[in-house]
K.L.:
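What follows is a single structure, and I will ask about it in a moment.
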Number of protein chains: 2
Amino acid sequence: MSHPAPDDPLFCPTETALGIIGGKWKGMILWCICRKTMRFNELHRTIPNISQRMLTKQLRELEAHGIITREVFAQIPPRVEYRLSAHGQSLKPILDALENWSRSYLNAVAEADTATDDT
Amino acid sequence: MSHPAPDDPLFCPTETALGIIGGKWKGMILWCICRKTMRFNELHRTIPNISQRMLTKQLRELEAHGIITREVFAQIPPRVEYRLSAHGQSLKPILDALENWSRSYLNAVAEADTATDDT
DNA sequence: TCCTTTAGTTACCAAAAGGGAAGTATGGGC
DNA sequence: GCCCATACTTCCCTTTTGGTAACTAAAGGA
């Protein structure tokens with residue numbers, strides 16, 4: 001294998017990872033799925049702002065990257081369950097770290113807002 | 001600035017964090033800056049595919065979120081240095097974790113490719 | 001017979017993102 | 001007197017993204 005080209009996403013692992021988990025709605029989807037197995041409409045109800053089209057698309061991308069698995073039950077009406085794959089499980093600590101970082105970030109912002117609040 | 005309200009049922013810290021570090025090129029920019037202080041053109045040379053327009057834009061977003069600092073030296077030609085802020089430093093472990101996860105992901109993909117390689 | 005539910009797909013359209021190239025200021029070197 | 005470098009900004013145009021709404025199948029219930 002040759003040296004990774006500077007424009008190659010493989011050149012930067014951080015970029016690769018963010019390319020996988022950084023899509024629109026992926027944070028919320030992962031946030032839901034890493035807590036429990038969920039069905040399509042269950043996700044849709046939990047994240048009402050997402051359209052079916054987008055939910056499908058993001059789920060397919062996560063599946064294509066091996067982060068989640070999709071299990072179809074041959075029933076009418078259909079039943080499809082999404083859950084974290086083994087590889088997705090290895091993301092959990094990072095998702096937790098992201099969540100903690102985010103909370104401390106939001107706190108810092110809130111404090112800064114309070115400090116400069118001149119009401 | 002519109003951060004999600006904490007009482008919003010859609011409030012998702014993971015999404016917040018990804019909104020901050022998940023923009024296009026941000027992975028690479030952070031990857032560079034978390035290693036050393038860098039000047040504008042230095043970043044541009046390191047990531048040749050990014051346009052000046054985008055580099056400026058992404059740097060300003062990171063700065064607005066308090067992740068990096070921008071220091072201007074009153075010189076001709078101009079000299080501007082970008083580095084991680086204190087808050088950005090707190091991201092480093094996450095960036096490292098992302099990098100490690102990405103490497104193991106890439107390895108797994110490479111192995112899967114080898115296993116199914118029918119040449 | 002019609003309605004409901006589930007888990008989608010498809011077509012269409014508006015908005016946003018992003019690339020490329022050119023312009024800007026300033027002072028020093030040749 | 002012209003060109004160089006730096007760190008941008010601005011304009012224009014194409015590509016991508018994402019939302020809305022309508023359509024699908026199939027079984028069970030009223």
Side-chain angles (χ1 to χ4, degrees), chain A residues 5-9 11-12 15 18-30 32-33 36-65 67-84, chain B residues 1-2 4 10 12 15-16 18-30 32-33 36-65 67-83:
Chain A
D7 58 317
D8 189 339
F11 170 72
C12 175
E15 190 71 21
L18 288 176
I20 293 171
I21 65 170
K24 190 168 185 184
W25 302 110
K26 291 226 178 76
M28 284 200 195
I29 293 172
L30 254 11
C32 293
I33 292 183
K36 64 189 277 282
T37 294
M38 288 187 91
R39 297 178 59 176
F40 185 87
N41 271 6
E42 205 178 351
L43 280 165
H44 198 198
R45 277 187 297 268
T46 309
I47 317 171
N49 272 24
I50 197 173
S51 61
Q52 286 189 318
R53 184 180 164 284
M54 273 288 106
L55 182 52
T56 306
K57 198 167 165 258
Q58 301 297 302
L59 286 169
R60 293 295 144 87
E61 287 177 13
L62 288 170
E63 194 196 353
H65 283 122
I67 308 302
I68 63 173
T69 61
R70 177 172 177 267
E71 190 179 2
V72 183
F73 295 82
Q75 305 178 354
I76 298 290
R79 174 187 185 81
V80 179
E81 286 186 356
Y82 294 93
R83 72 191 71 211
L84 278 194
Chain B
M1 238 178 279
S2 61
L10 297 183
C12 170
E15 191 72 21
T16 304
L18 288 176
I20 293 170
I21 64 169
K24 191 168 185 186
W25 303 109
K26 291 226 177 75
M28 284 202 195
I29 293 173
L30 254 11
C32 294
I33 292 184
K36 63 189 278 284
T37 293
M38 288 186 90
R39 296 178 59 177
F40 185 86
N41 271 5
E42 203 178 352
L43 280 164
H44 198 201
R45 277 188 296 267
T46 309
I47 318 170
N49 271 27
I50 197 174
S51 62
Q52 287 188 319
R53 186 179 161 285
M54 272 290 105
L55 182 52
T56 305
K57 197 166 165 257
Q58 301 298 302
L59 286 170
R60 294 294 146 87
E61 288 176 13
L62 288 169
E63 194 195 352
H65 283 122
I67 309 302
I68 62 173
T69 60
R70 177 171 177 270
E71 190 179 1
V72 183
F73 296 81
Q75 305 179 352
I76 297 288
R79 173 187 185 82
V80 179
E81 286 186 356
Y82 294 94
R83 72 191 71 212

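Within every chain, numbering begins at 1; the chains are lettered A, B, ... in the order of the sequence lines, protein sequences first and strands thereafter. A quick note: this is a predicted structure, and the numbers were derived from the prediction, not measured. We use all heavy atoms of the structure for the numbers below, so side chains are in, but hydrogens, waters and symmetry mates are not.
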K.L.:
Could you pull out the closest heavy-atom pair between B:Glu81 and B:Thr37, with the gap in Å?
P.N.:
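Taking every non-hydrogen atom into account, OE1-CG2, 3.6 Å.
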K.L.:
Taking all non-hydrogen atoms of both residues into account, name the closest pair between A:Met38 and A:Thr46 and its distance.
P.N.:
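Nearest pair, atom of A:Met38 first, then A:Thr46: CE-OG1, 3.3 Å.
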K.L.:
Let me have the donor-acceptor pairs involving side chains of residues 67-75 of chain A, under 3.5 Å, with sequence neighbours excluded, atom names and distances please.
P.N.:
{"unit_1": "A:Arg70", "atom_1": "NE", "unit_2": "A:Tyr82", "atom_2": "OH", "d": "3.3"}
{"unit_1": "A:Glu71", "atom_1": "OE1", "unit_2": "A:Arg83", "atom_2": "NH2", "d": "3.4"}

K.L.:
Using 0.5 Å steps for rounding, measure from the NE2 atom of B:His44 to the SG atom of B:Cys32.
P.N.:
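Reported value, rounded in 0.5 Å steps: 12.0 Å.
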K.L.:
For residues B:Leu43 and B:Leu59, report the shortest heavy-atom separation together with the two atoms involved.
P.N.:
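The answer is CD1-CD2, 4.0 Å.
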K.L.:
For nucleotides 28-30 of chain C, tabulate all protein N/O to nucleotide N/O atom pairs closer than 3.5 Å, reporting atom names and distance.
P.N.:
none

K.L.:
State whether the side chain of B:Thr16 and the backbone N or O of B:Cys12 hold a donor-acceptor pair below 3.5 Å, judged by distance alone.
P.N.:
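Judged by distance alone, yes, a pair lies under 3.5 Å.
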K.L.:
Which atoms form the tightest heavy-atom contact between A:Gln58 and A:Lys24, and what is the distance?
P.N.:
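Minimum heavy-atom contact is OE1-O, 2.7 Å.
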K.L.:
If you round to the nearest 0.5 Å, how far is NZ of A:Lys26 from CE of A:Met54?
P.N.:
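Here the interatomic distance stands at 9.0 Å.
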K.L.:
Quick one: what's the B/S/- string for nucleotides 12-18 of chain C, heavy-atom cutoff under 4.0 Å, read 5' to 3'?
P.N.:
------B
K.L.:
How far does the helix from C:dT1-D:dA30 to C:dC30-D:dG1 bend, going by the axes of its first and last five pairs, to the nearest 10°?
P.N.:
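The angle separating the two end axes equals 20°.
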K.L.:
Which distance, rounded to the nearest 0.5 Å, do you find between the CD of B:Glu61 and the OG1 of B:Thr56?
P.N.:
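It comes to 11.0 Å.
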K.L.:
Distance under 4.0 Å to a non-hydrogen atom of chain B counts as contact; along DNA chain D, which nucleotides mark the start and end?
P.N.:
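Terminal contacting nucleotides, 5' to 3': D:dA5 to D:dC11.
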K.L.:
To the nearest 0.5 Å, what is the distance between CE on A:Met28 and CG on A:Leu55?
P.N.:
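The CE atom of A:Met28 sits 12.0 Å away from the CG atom of A:Leu55.
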K.L.:
Between atom CD of B:Glu15 and atom CD1 of A:Ile47, what is the distance when rounded to the nearest 0.5 Å?
P.N.:
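Reported to 0.5 Å precision, the distance equals 8.5 Å.
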K.L.:
For nucleotides 6-8 of chain C, print each protein N/O atom paired with a nucleotide N/O atom at under 3.5 Å, atom names and distance only.
P.N.:
{"unit_1": "C:dT6", "atom_1": "OP2", "unit_2": "A:Asn41", "atom_2": "ND2", "d": "3.3"}
{"unit_1": "C:dT6", "atom_1": "O3'", "unit_2": "A:Arg39", "atom_2": "NH2", "d": "3.1"}
{"unit_1": "C:dT6", "atom_1": "O3'", "unit_2": "A:Pro78", "atom_2": "O", "d": "2.7"}
{"unit_1": "C:dA7", "atom_1": "OP1", "unit_2": "A:Arg39", "atom_2": "NE", "d": "3.0"}
{"unit_1": "C:dA7", "atom_1": "OP1", "unit_2": "A:Arg39", "atom_2": "NH2", "d": "3.1"}
{"unit_1": "C:dA7", "atom_1": "OP1", "unit_2": "A:Val80", "atom_2": "N", "d": "3.1"}
{"unit_1": "C:dA7", "atom_1": "OP2", "unit_2": "A:Asn41", "atom_2": "N", "d": "3.1"}
{"unit_1": "C:dG8", "atom_1": "OP1", "unit_2": "A:Arg60", "atom_2": "NH2", "d": "2.6"}
{"unit_1": "C:dG8", "atom_1": "OP1", "unit_2": "A:Arg70", "atom_2": "NE", "d": "3.4"}
{"unit_1": "C:dG8", "atom_1": "OP1", "unit_2": "A:Arg70", "atom_2": "NH2", "d": "2.5"}
{"unit_1": "C:dG8", "atom_1": "OP2", "unit_2": "A:Tyr82", "atom_2": "OH", "d": "2.7"}
{"unit_1": "C:dG8", "atom_1": "N7", "unit_2": "A:Gln52", "atom_2": "OE1", "d": "3.0"}
{"unit_1": "C:dG8", "atom_1": "N7", "unit_2": "A:Gln52", "atom_2": "NE2", "d": "3.3"}
{"unit_1": "C:dG8", "atom_1": "O6", "unit_2": "A:Gln52", "atom_2": "OE1", "d": "2.9"}

K.L.:
Out of curiosity, A:Ile21 CD1 to B:Ile21 CD1, how far, rounded to the nearest 0.5 Å?
P.N.:
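A:Ile21 CD1 to B:Ile21 CD1: 7.0 Å, rounded to 0.5 Å.
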